[in-house]
Amino acid sequence: MTGLLLRCPLPPPYVELPDCAPAEDAAVAEGLVDEVWRDPVEPVRAALVERYAAALRARRRLGTGVVALAQAQGPDGVSASTLAVQLVPSPHDDPEAAAAAVLAAVRARGGGGRAQVVAVPLGPAAVRLRERRVVVQDGGRPVEVPVGTLDAVVPVPGRRVAVLLSAFCPTVDDLPRHAALAGAVLAGTTVTPAGPGAGLEEDPRAAG
């Protein structure tokens, strides 16, 4: 992946999570809540701040790539999703073979959902939409809740790397809306060689 530049445009309503030090998580999360939401009431605001602080911690673990938040109006009100885009190794340099291999591996692992190969500007993408259940803490006790996820792997032609895009939506009914937002990001994503002498080996957070 050295020498590649990942450009990932983030159309509204996406807001990118910045890099920040752990001590800044709470303040940055509060600023993100003010930017993404319009005057949320307590205790909703406190829950959003904690969710966004957790997203900032996840952004730090990811190390490289774009992590962004979005909100969408749905049948049950407004819901939010988290989007992550990064470059990952791929076993093939042929995009069709790589996408087919990813799709076969996804189907072999099971887990439900709808998996298929679709065409995007960058090339063939192995995409899966599914509902799954995760365990969260509610008042100190574990509770299973349904969530919706979108995962897309887009092999880069001629290179053994792929773009991995993942979107997480806590409201399953709103997954189609958030999937459409993520699809708009994927449609504009490009991977190009970094220019010689640019001083950059990889700038995954560049938006253009």
Side-chain angles (χ1 to χ4, degrees), residues 1-11 14 16-17 55 58-70 72 81-135 146-172 174-194 201-208:
M1 291 182 283
T2 298
L4 296 180
L5 184 65
L6 170 63
R7 291 193 177 275
C8 180
L10 294 173
Y14 278 113
E16 185 176 357
L17 270 70
R59 167 76 179 84
R60 199 173 297 115
R61 288 195 301 271
L62 187 61
T64 62
V66 173
V67 180
L69 304 165
S81 65
T82 302
L83 174 84
V85 189
Q86 62 184 136
L87 290 176
V88 296
S90 172
H92 302 278
D93 54 11
D94 176 78
E96 285 78 12
V102 170
L103 185 64
V106 165
R107 288 176 171 168
R109 286 196 298 268
R114 177 162 48 95
Q116 61 183 327
V117 173
V118 302
V120 299
L122 189 58
V127 178
R128 177 165 68 169
L129 289 165
R130 63 172 173 155
E131 175 183 330
R132 60 189 180 93
R133 304 188 75 84
V134 298
V135 177
V147 298
T149 61
L150 177 148
D151 295 295
V153 179
V154 192
V156 178
R159 297 181 181 271
R160 291 180 177 264
V161 299
V163 174
L164 172 62
L165 178 147
S166 298
F168 171 93
C169 177
T171 308
V172 176
D174 267 358
L175 179 58
R177 296 173 183 269
H178 290 288
L181 291 173
V185 173
L186 194 58
T189 297
T190 60
V191 179
T192 57
E201 288 190 342
E202 189 175 336
D203 182 13
R205 293 183 299 281

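Here the closest heavy-atom approach between residue Arg107 and residue Gln116 is recorded as NH2-CA, 4.3 Å. Scanning all heavy atoms of the two residues, the minimum distance from Cys169 to Leu175 falls at SG-N, 4.1 Å. Looking at every heavy atom in both residues, Arg130 comes nearest to Gly113 through CB-CA, 3.5 Å. Heavy atoms only, all atoms of each residue included: Thr189 and Pro9 are closest at N-CD, 4.1 Å. Between Arg132 and Phe168 the shortest heavy-atom distance is NH2-CD1, 4.3 Å.
Listed by chain and residue number, Asp151, Leu164 satisfy the side chain to side chain contact (heavy atoms under 4.5 Å, CB included) test with Ser166 (two or more places apart in sequence, or in another chain). Evaluation of the side-chain hydrogen bond (donor to acceptor under 3.5 Å, both in side chains) rule for Ser90 yields no partner, not counting sequence neighbours. For Ala167, the side chain to side chain contact (heavy atoms under 4.5 Å, CB included) criterion is met by Leu83, Leu150, Ala182, not counting sequence neighbours. By the side chain to side chain contact (heavy atoms under 4.5 Å, CB included) test, Thr82 is found to be paired with Val67, Leu69, residues two or more places apart in sequence or in another chain being considered. Pro146 pairs by the side chain to side chain contact (heavy atoms under 4.5 Å, CB included) definition with Glu131, Arg133, Val172, not counting sequence neighbours.
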Go through it in stages, so that I can follow the logic: the residues are Val127 and Val117, the test is side chain to side chain contact (heavy atoms under 4.5 Å, CB included), and I'd like the CA-CA distance, side-chain angles, deciding distance and then a yes or no. CA-CA 6 Å; Val127 178; Val117 173; over 6 Å; no
Go through the steps for Leu4 and Thr192 under the test side chain to side chain contact (heavy atoms under 4.5 Å, CB included), then give the verdict. CA-CA 6 Å; Leu4 296 180; Thr192 57; over 6 Å; no
Run the side chain to side chain contact (heavy atoms under 4.5 Å, CB included) check on Leu87 and Val163 step by step: do they pass? CA-CA 5 Å; Leu87 290 176; Val163 174; 3.8 Å; yes
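Side chains of Val185 and Leu165 form a contact here, defined as non-hydrogen atoms less than 4.5 Å apart.
Taking SG of Cys8 as the start and CD of Glu16 as the end, the distance is 8.0 Å to the nearest 0.5 Å. Taking CG from Leu17 and CZ from Arg60, the interatomic distance works out to 10.0 Å, rounded to the nearest 0.5 Å. Atom CZ of Arg128 is separated from atom CZ of Arg114 by 12.5 Å, given to the nearest 0.5 angstrom.
Not a single donor-acceptor pair under 3.5 Å links the side chain of Arg7 to the backbone N or O of Thr190.
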With a cut-off of 3.5 Å and sequence neighbours excluded, list every side-chain donor-acceptor pair involving residues 93-105.
residue : atom : partner : partner atom : Å
Asp94   : OD2  : Glu96   : N            : 3.4
Asp94   : OD2  : Ala97   : N            : 2.8

